[in-house]
Novice: 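This is the structure, below, for whatever I ask next.
Numbers here simply count residues along the sequence, with the first being 1. Remember, it's a predicted structure, so these values are computed and weren't measured experimentally.
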Amino acid sequence: MEAFLQAAAEFVVADLELEAEPSAVSAAQRSLDDSGLLLLGEVHGVRENPLLIRALMQAFGLTSLALEWHEDLAPAMAAFLAGETLADHPMLWSGDGRITAGHLAVLAERAAAGPFELTLFDGTVGAGWSWSRRDEAMATRILVGGGAGIRTLAVAGNAHTPVSPIELGVPMGACLAQRRPGVREIRVNYCGGCYYNLRPARFATTGPQRRQLRLYQHDDRLSSTCPRPAKRSCPSDPGHESAQSERSLARQVISLFR
């Protein structure tokens, strides 16, 4: 825990310069205006994920964030955002990369910058629940957790954010679309570099390696690129040597679907 908190303290919360095409901005803005929500589907364990979250929140003037973290972490995170030392908790150590040192740094920075609301919407899976039942429960927690009239960026693994049924079942995004028509999904397509999700892994390198975060729409899809490779810190199973830092993402693309 000490090493994790130290990594968070050392994480540089840097601006990602976002080049956004007007059509892409309009599509995301309509989602927020129509539904109060914008969904971001990620691969857990990428160093740039929290910086991308921050860039989107800044671009759209958002002060509310929902993360696929277990709801039992809410008291500890509330204390942390109020300036206290983050207390250790078993749910911090899933090892799948959804919680990183960068997230802690960005969340603390957002809380210090002004009004900020954090909702944690993962939870205990009931006995006999299907994959779809878990996603329905996550969607409900997002709707219950957000303040009235407050627009929210909701971030989850990219299997949960599609706004229509998929092979696995009815994802969280589809449940939200039924109750909040007009919600849109932003999907992050990673085109190179490394990440940590239970173990170190590497994305296949595809396409040109860009040096700027770019948001654009093509064939009803928003895309973006991440500026440069970097090192990142991600908590894994307790005692795992990889909990410090590794080579990270070289490039990522964000795609927005209806």
Side-chain angles (χ1 to χ4, degrees), residues 1-16 40-58 65-74 76-81 85-113 116 118-122 153-161 186 188 190 192-203 213 224 226-252 254:
M1 191 64 190
E2 182 180 355
F4 182 35
L5 293 176
Q6 183 62 35
E10 295 173 354
F11 186 93
V12 177
V13 180
D15 290 336
L16 294 184
L40 180 65
E42 67 175 22
V43 171
H44 298 320
V46 175
R47 188 261 185 193
E48 286 81 3
N49 282 344
L51 295 178
L52 173 58
I53 290 169
R54 178 176 180 268
L56 290 172
M57 293 187 72
Q58 289 180 312
L65 176 65
L67 295 174
E68 191 193 354
W69 297 11
H70 201 286
E71 60 182 347
D72 286 354
L73 286 170
M77 287 305 304
F80 172 72
L81 296 179
T85 299
L86 180 63
D88 200 357
H89 192 288
M91 291 299 176
L92 290 171
W93 303 98
S94 67
D96 68 357
R98 72 181 67 187
I99 301 175
T100 72
H103 284 90
L104 295 188
V106 166
L107 292 176
E109 185 270 343
R110 288 290 85 197
F116 178 66
L118 178 65
T119 299
L120 307 182
F121 59 83
D122 200 5
L153 178 67
V155 185
N158 59 20
H160 304 292
T161 51
I186 296 177
V188 186
Y190 303 91
C194 297
Y195 62 102
Y196 190 95
N197 191 325
L198 302 180
R199 60 185 62 83
R202 176 176 290 276
F203 295 108
L213 186 65
S224 178
C226 190
R228 67 184 187 279
K231 291 182 179 295
R232 66 101 176 88
S233 297
C234 171
S236 63
D237 292 339
H240 197 295
E241 294 178 358
S242 297
Q244 306 241 339
S245 63
E246 301 172 7
R247 182 63 56 188
S248 179
L249 178 70
R251 176 175 173 268
Q252 67 187 13
I254 308 174

Novice: Are side-chain heavy atoms of L65 and M57 found at a separation under 4.5 Å?
Specialist: yes
Novice: For the atom pair CG (L86) and CG (L73), what is the distance rounded to the nearest 0.5 Å?
Specialist: 8.0 Å
Novice: Kindly compute the distance separating OG1 (T85) from CD (E2), expressed to the nearest 0.5 Å.
Specialist: 11.0 Å
Novice: Identify the heavy atoms of F121 and A156 that sit nearest to each other, and give their distance.
Specialist: CZ-CB, 3.9 Å
Novice: Rounded to the nearest 0.5 Å, how far apart are CE of M1 and NE2 of H89?
Specialist: 10.5 Å
Novice: Rounded to the nearest 0.5 Å, how far apart are CG of L51 and CG of L16?
Specialist: 5.0 Å
Novice: For A105 and A8, which heavy atoms make the closest approach, and how far apart are they?
Specialist: CB-O, 3.6 Å
Novice: How far apart are the closest heavy atoms of C194 and R202, and which atoms are they?
Specialist: SG-NH2, 3.0 Å
Novice: For F203 and V46: C-alpha separation, side-chain torsions, deciding distance, then whether side-chain contact (heavy atoms from CB on, under 4.5 Å) applies.
Specialist: CA-CA 10 Å; F203 295 108; V46 175; 3.8 Å; yes
Novice: Starting at CG of L104, measure out to CG of L92 and round the result to the nearest 0.5 Å.
Specialist: 7.5 Å
Novice: If every non-hydrogen atom of A87 is compared with every non-hydrogen atom of A76, which pair is closest and at what distance?
Specialist: O-CB, 4.4 Å
Novice: Compare all side-chain heavy atoms of T100 with those of H44 and state whether any distance is below 4.5 angstrom.
Specialist: no
Novice: Is any side-chain heavy atom of F116 less than 4.5 Å from a side-chain heavy atom of L107?
Specialist: yes
Novice: Given side chains that start at C-beta, do those of L40 and V188 come closer than 4.5 Å, heavy atoms only?
Specialist: yes
Novice: Taking it one step at a time, do T119 and E71 satisfy side-chain contact (heavy atoms from CB on, under 4.5 Å)?
Specialist: CA-CA 8 Å; T119 299; E71 60 182 347; over 6 Å; no
Novice: I need the minimum non-hydrogen distance between W69 and L120, along with the two atoms involved.
Specialist: O-CB, 3.4 Å
Novice: E42 and side chain to side chain donor-acceptor pair (under 3.5 Å): which partner among N158, T161, N49?
Specialist: N49
Novice: Hey, are the side chains of F80 and L118 touching, using non-hydrogen atoms and a 4.5 Å cut-off?
Specialist: no
Novice: Measuring from R98:CZ to D122:CG, what's the distance to the nearest 0.5 Å?
Specialist: 5.0 Å
